[in-house]
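Take a look at the structure set out below.
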Protein chains: 2
Amino acid sequence: MDGLAVATGQAGLPVLGGDPCERADAKRNREKILAAAETLFAERGTEAVSMDAVAEAAGVGKGTLYRRFGDRSGLARAILDERDREFQEKFIRGEPPLGPGAPPVERLVAFGEGVIDLIADYGDLIMAAQLGKAGARFAGPVYATYRMHVHGLLRDIDPRIDADYFADIVLASLNAEMYGFWKSDVGLDKTRISSGFRQLVTSIAGTAA
Amino acid sequence: MDGLAVATGQAGLPVLGGDPCERADAKRNREKILAAAETLFAERGTEAVSMDAVAEAAGVGKGTLYRRFGDRSGLARAILDERDREFQEKFIRGEPPLGPGAPPVERLVAFGEGVIDLIADYGDLIMAAQLGKAGARFAGPVYATYRMHVHGLLRDIDPRIDADYFADIVLASLNAEMYGFWKSDVGLDKTRISSGFRQLVTSIAGTAA
DNA sequence: ACGCTAAGCGGACTACTGTCCATATTGCAA
DNA sequence: TTGCAATATGGACAGTAGTCCGCTTAGCGT
């Protein structure tokens, strides 16, 4: 407790889709914004698109954009949300080895591969969603969900593992920025990254002293 | 390989201290800026200080500030540089167990504890140094040095370890943002974090299949 | 001491993020 | 249909990061 101040609390922003009591115009605008942002991000790259540009392309004012999504990373998160939901569905209720039924080590490895696939496809969107303030990576419901899942699997693997610690280690090894660094600077390919992750999980599972 | 673009290349900025051919006025200004920034950061917290404020407190123009330090994170890095140098000295040439002489597992554990101490003391400065663009964490000479050190130790521990992969895993587990998250949100204390790190290193060392 | 040149300097300037509030619109109730 | 309260809207606004370029100054050779 000292020089640290991480913004981790989830601000109560209406980031996620489909509020049931959403006014018709609000819904229309939300969809226009998401469509415009998705297009612009894909066309020009996430970092090169200003919020003004998104608002203009969507035909709404800046205030609307910020009201709905809070900030730049909130917008990115909202775009990712759908894909994420699909993946979460798979590891919570889907088929083994990702879903319930397989041994926990298998499930954890499959989870890692799923996240790596997600990163490979949506890496810069994920990074945009985590950029901004310190600790953004840990804020928000997605990290919490992933963390709880990994936490549970680690406990299943071996209750002696300090799951509070190792859950974040596992997730840190599935970080989008690091993936980019490995690809561009270190020269690791996806196979090697997956294989490294498998070894990491095996290591953690093996020595729960 | 696709939606990823991480800014990792080290821009050739004169961030580090003591250019031998530094003009007297430049040196004077550099020192004034560093002193002013250090004070302001300590007084108000890293995030609450604008670059303008630093420039004004130092009695120099904004152009000078940016010329010398490139951007906000460069300024933070420069402030950290001295402490960092000291630590690097210790693990490269200092006494065991941090320095050469101790078995590599011991050295790695000691290294981790050193970094954790650094984070405990200078956490938000470190975070400021890494904030900004995606991949900032991996850019710069400090990460490279740490990485090389860990890489070497891992090879010493067991050449079968994929050191290219695990070096970054080890460093990811010594991340300042994560430390803040652990402290504030998970409720881990420093002892538990150190102990977790020790277990991680042991795990990696143990199962080099 | 003097003048030259390369380097440093600083503040005006642009672009962007995020806030705020007067106005417009919606959905409901009478 | 009409009036009303709640909510959404959008553009003006303030604050900050980072760039640029004409001016100044240090350091050096004579």
Side-chain angles (χ1 to χ4, degrees), chain A residues 7 11-15 18-34 36-37 40-41 44-78 128-129 131-134 136, chain B residues 7 11-15 17-34 36-37 40-41 44-78 128-134 136:
Chain A
L13 292 170
V15 167
D19 183 341
C21 309
E22 187 182 37
R23 252 169 60 169
D25 54 345
K27 178 177 180 191
R28 208 179 326 124
N29 278 340
R30 201 194 63 226
E31 283 162 1
K32 275 197 296 181
I33 291 170
L34 285 175
L40 284 180
F41 284 165
R44 303 186 208 167
T46 324
E47 311 234 342
V49 179
S50 75
M51 289 312 222
D52 285 316
V54 173
E56 195 191 331
V60 302
K62 228 152 67 112
T64 305
L65 184 50
Y66 277 98
R67 156 173 300 275
R68 303 297 307 184
F69 300 103
D71 60 7
R72 182 192 202 70
S73 66
L75 178 57
R77 248 179 278 146
L131 222 52
K133 21 182 147 297
Chain B
L13 291 170
V15 166
D19 183 339
C21 310
E22 188 182 36
R23 250 168 61 168
D25 52 347
K27 180 178 180 193
R28 208 178 328 121
N29 278 339
R30 200 196 61 223
E31 282 163 2
K32 277 196 296 180
I33 291 170
L34 285 175
L40 284 179
F41 284 164
R44 304 186 206 167
T46 324
E47 312 233 341
V49 178
S50 75
M51 290 309 225
D52 285 316
V54 174
E56 196 191 331
V60 303
K62 222 147 81 104
T64 305
L65 184 51
Y66 277 98
R67 158 173 299 275
R68 302 297 306 185
F69 300 104
D71 60 9
R72 181 191 202 72
S73 66
L75 177 57
R77 248 178 281 145
Q130 295 174 350
L131 222 53
K133 22 183 147 299

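Naming: A, B, ... by sequence-line order, numbering from 1 per chain.
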Q: Rounded off to whole Å, could you give me the CG-to-P distance for the A:L75 and C:dT17 pair?
A: 11 Å
Q. Roughly how many Å is it from CE in B:M51 to P in C:dG10, rounded to a whole number?
A. 16 Å
Q.
Among A:L40, A:V60, A:L34, exactly one meets side chain to side chain contact (heavy atoms under 4.5 Å, CB included) together with A:V54. Which residue is that?
A. A:L40
Q. When rounded to the nearest 0.5 angstrom, what is the spacing between OG in A:S50 and CD in A:E56?
A. 8.5 Å
Q | Nearest heavy atoms of A:R44 and A:A53, plus distance in Å | A | NH1-CB, 4.4 Å
Q.
Between P on C:dG18 and CG on A:L131, what's the gap in Å once rounded to a whole number?
A. 11 Å
Q | Interatomic distance where NZ belongs to A:K27 and C1' belongs to D:dT7 [whole Å] | A | 17 Å
Enumerate all atom pairs, one protein N or O and one N or O from nucleotides 11-14 of chain D, separated by less than 3.5 Å.
| from | atom 1 | to | atom 2 | distance (Å) |
| --- | --- | --- | --- | --- |
| D:dG11 | O6 | A:G63 | N | 3.0 |

Q.
If the condition is salt bridge (Lys or Arg N to Asp or Glu O under 4.0 Å), which residues does B:R23 pass it with, not counting sequence neighbours?
A. B:D25
Q | Protein-to-nucleotide contact annotation, 5' to 3' order, nucleotides 21-28 of chain C [B base; S sugar-phosphate only; - none; under 4.0 Å, heavy atom] | A | ----BSS-
Q: Find the distance B:R68:CZ to C:dG10:P and express it as a whole number of Å.
A: 12 Å
Q.
Categorize B:N29 for me: base, sugar-phosphate, or nothing, with a 4.0 angstrom heavy-atom threshold over every strand shown.
A. sugar-phosphate
Q: Would you kindly give the CG-to-C1' distance between B:L65 and C:dG11, to the nearest whole Å?
A: 13 Å
Q | Between CG on residue A:L65 and CG on residue A:N29, distance to nearest 0.5 Å | A | 10.5 Å
Q) How far does CZ of B:R68 sit from CD1 of B:I33, to the nearest 0.5 angstrom? A) 7.5 Å
Q) Atom NZ of B:K32 and atom C1' of C:dG8: how far apart are they, to the nearest Å? A) 13 Å
Q. How close or far is atom C1' of C:dT17 from atom CZ of A:F69, stated in whole angstroms?
A. 17 Å
Q | Approximate separation, where rounding is to 0.5 Å, of B:Y66 OH and B:R72 CZ | A | 7.5 Å
Q. Of the nucleotides D:dT19, C:dC16, C:dT19, which one has an atom closest to the side chain of A:S50?
A. C:dC16
Q. How many angstroms lie between atom CZ of B:R30 and atom CZ of B:R67, to the nearest 0.5 angstrom?
A. 14.5 Å
Q) Taking for each residue the nucleotide of DNA chain D bearing the nearest heavy atom, is the 5' side occupied by A:G59 or by B:V49? A) A:G59
Q) Using a distance-only test with no angle check, is there a side-chain donor-acceptor pair under 3.5 angstrom linking A:S73 and A:R77? A) yes
